**Q** 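What follows is a structure written as structure tokens; I'll ask about it next.
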Amino acid sequence: MCGIVGYIGPKGAVPILLEGLKKLEYRGYDSAGIAVIEDKNLELRKAEGKLKVLDDKLSLEKFKGNIGLGHTRWATHGRPSDENAHPHQDCGGKLALVHNGIIENFQEIKRNLEKEGHTFSSETDTEVVVHLVEKFFSGNLSEAVQKATALLEGSYAIAVINQENPDQIVAYRQDSPLILGIGEGEYYLASDIPALLPYTRRVIILEDGEMVELNRENYRVIGPGGELLNKEIEEIDWDLEMAEKKGFPHYMLKEIHEQPDVMRQLLEKPLRGSEIELPEIDAILKSQEKIEKIFIVACGTAYHSGLIGKALLEKATGIPVEVDMASEFRYRSPLIGENSLVIVVSQSGETADTLAALRHARDKRAKTLGIVNVQGSTIAREADQLLLIEAGLEIAVASTKAYLNMLTAFNLLALKMGDGDIAGNENGELLHLLREIPAQVEKTLLRMEKPVRKAAEYIKNWDNAFFVGRGLDFSLALEGALKLKEISYIHAEAYAAGELKHGTLALIEEGIPVVALLTQESLLEKMISNIQEIRARGGYVFGITQDRFASRVAEEVDFLFKIPNTADIFAPLLGTVPLQLLSYFTADFRDCPIDQPRNLAKSVTVE
Ligand code: F6R
């Protein structure tokens with residue numbers, strides 16, 4: 001939700017800010033803006049629309065200023081427009097401020113500031129912050145920021161510059177990510193690491209309540225009590241190549257194709273011996289007999305991975321597992337206690353609802369485990385135990401490789417906690433099958449492209465589609481439907497196949513596309529009966545099944561996708577591939593902006 005960048009150093013700031021914003025555009029892309037101090041004058045340029053619009057606008061000007069801020073927006077308060085785009089300014093026009101997050105008490109602050117004579121020119125919550133800084137400014141920007149932020153409620157990372165001091169940026173973090181990049185005689189600020197990678201790998205990740213003051217010669221990190229902090233500089237070892245498209249037309253397709261590799265990477269250490277090695281969860285294993293209940297909490301795609309995680313963990317451990325959408329979790333007063341294990345799942349590690357759920361669980365003294373992709377993210381740092389899913393940088397808004405590795409992580413966890421017995425299989429046999437999965441994902445990718453394109457040609461003309469399955473396949477169907485909705489804008493419903501006849505069957509009409517998952521042997525015949533009910537009413541069924549069931553399924557569907565044979569519990573790891581490609585090609589045929597679907601953002605740091 002919004003990306004912020006900052007630069008102070010010897011170079012021209014504008015190209016650096018724009019480059020950084022490009023890397024952060026996944027966080028929001030409805031408008032963008034920059035502020036740069038040019039000969040002691042603050043120059044602001046903003047533009048509604050994608051970053052390209054701002055970029056084009058700026059290409060006509062030649063700014064030389066070497067200190068500046070940039071912002072790419074995902075609107076929360078006020079529609080996308082030039083006026084609502086950041087940076088925002090104070091009444092005197094001397095300060096410029098960018099913000100990521102939400103100021104919950106902005107209306108009250110705004111009313112008071114208006115009474116004091118401040119005038120506002122946008123509908124945003126952010127604008128109150130720059131006016132508050134103006135109100136408290138009496139020569140020391142850091143002091144003014146400290147006083148202003150003390151009055152704010154909500155989540156915010158902010159950065160501010162003052163045209164009268166072109167040698168300083170002050171930034172503050174509270175519940176929204178902010179990272180300081182340290183270069184040679186220059187400093188950078190960004191909401192996320194990829195924006196810093198072209199310039200430096202040396203970073204300091206700010207914590208809540210911390211402020212950073214960047215001067216030309218040095219920087220100071222100041223703690224919540226005003227104390228000077230000596231924070232460790234971390235070296236980032238990410239591969240910059242991951243942030244490029246590598247010849248693929250979209251990040252989403254590139255990320256789908258990276259799945260075999262990232263999965264191998266995740267499985268490598270845990271599967272190198274005859275038993276699963278997961279030292280990250282040793283503490284959980286030690287207390288396992290005391291765990292009375294497991295909760296899995298997440299949002300969106302990560303939540304869907306949790307539904308599969310529940311089935312696996314219950315089978316493996318015999319401990320009851322509940323799965324919650326993070327936005328619902330703490331409001332239903334879940335019965336968590338010291339003997340609960342709360343697993344939070346998040347690609348970004350910054351999702352506001354998931355983070356709030358984690359904090360709620362910690363308040364209730366539950367044990368917590370984070371299944372997270374982004375190292376150093378807030379959830380990764382705050383969870384008691386951490387299982388990193390190692391999917392690498394995921395840029396497309398629609399999550400693919402992170403989802404697959406979330407599923408893989410749940411499989412590892414279940415196999416480890418199940419102590420060799422899950423779904424009646426011996427661990428040795430399952431480990432062998434799991435080792436084969438990355439190669440099978442590769443094979444599935446190769447197999448699928450042609451048939452999926454054909455299916456997408458059909459689906460692209462419909463306004464509605466259904467995804468059905470039973471057991472693990474139903475959880476996978478939910479993810480398939482979300483992917484299609486999100487990037488192709490086709491309305492898609494996922495149903496437990498046995499539930500259709502209780503109402504939804506009324507929507508089946510001649511030709512409507514229904515994607516049916518049939519990967520689970522024990523449910524195969526039941527699924528076939530449900531498919532017959534759908535086809536009898538005119539539904540056009542695309543089946544997804546394992547090779548070994550193909551001859552049985554082929555005559556029951558209109559179109560068949562075959563995935564390689566595996567144990568049924570691993571089938572979702574392969575079944576997700578045709579679903580991802582189906583949504584991708586359907587969206588591509590419909591000319592949708594695949595990597596940046598409308599109204600969405602990659603990292604949802606507001607509740
Ligand atoms: C859908 C998608 C979202 C995210 C959700 C949670 O493709 O990506 O539904 O899964 O916003 O995000 P994280 O995993 O970052 O907590």
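This is a predicted model, so every value here is computed, not measured. Note that ligands are numbered from 1 as they come in the structure, with each ligand's atoms numbered from 1 the same way.
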**Q** Check ligand 1 against Ser348 and write out every atom of the ligand that is under 4.0 Å from a heavy-atom position of the residue.
**A** 13 (P), 15 (O), 16 (O)

**Q** Between Lys483 and Glu479, does any NZ, NE, NH1 or NH2 come within less than 4.0 Å of an OD or OE carboxylate oxygen?
**A** yes

**Q** Test of understanding: given a 4.0 Å heavy-atom threshold, classify the contact between Val397 and ligand 1 as side chain, backbone, both, or neither.
**A** backbone

**Q** Is any side-chain heavy atom of Leu412 less than 4.5 Å from a side-chain heavy atom of Ile276?
**A** yes

**Q** Just checking, Arg598 and Tyr489: is the charged tip under 6.0 Å from the six-membered ring centre and within 45° of the axis?
**A** yes

**Q** Salt bridge or not for Glu314 and Lys310, using N-O below 4.0 Å?
**A** yes

**Q** Checking a contact table here: which protein heavy atom is nearest atom 6 (C) of ligand 1, and how many Å away?
**A** Cys299 O, 3.4 Å

**Q** By number and element, which atoms of ligand 1 are closer than 4.0 Å to a non-hydrogen atom of Ala302?
**A** 10 (O), 14 (O)

**Q** Any atoms of ligand 1 less than 4.0 Å from a non-hydrogen atom of Gln347? List them with their elements.
**A** 13 (P), 14 (O), 15 (O), 16 (O)

**Q** Looking at Asp175 and Arg359, is there a salt bridge between them, counting it only when a charged N and a carboxylate O are closer than 4.0 Å?
**A** yes

**Q** Which residue and atom name correspond to the protein heavy atom nearest atom 10 (O) of ligand 1, and how close is it?
**A** Thr301 N, 3.1 Å

**Q** I need the atoms of ligand 1 closer than 4.0 Å to a non-hydrogen atom of Lys483, numbered in the order shown.
**A** 1 (C), 7 (O)

**Q** For ligand 1, which atoms, with element, lie under 4.0 Å from some heavy atom of Glu486?
**A** 1 (C), 2 (C), 7 (O)

**Q** What atoms in ligand 1 come closer than 4.0 Å to a heavy atom of Ala398?
**A** 7 (O)

**Q** Looking at atom 13 (P) of ligand 1, what's its closest protein heavy atom, distance included?
**A** Thr351 OG1, 3.2 Å

**Q** In this structure, does ligand 1 have an atom that sits under 4.0 Å from one of the heavy atoms of Val374?
**A** no

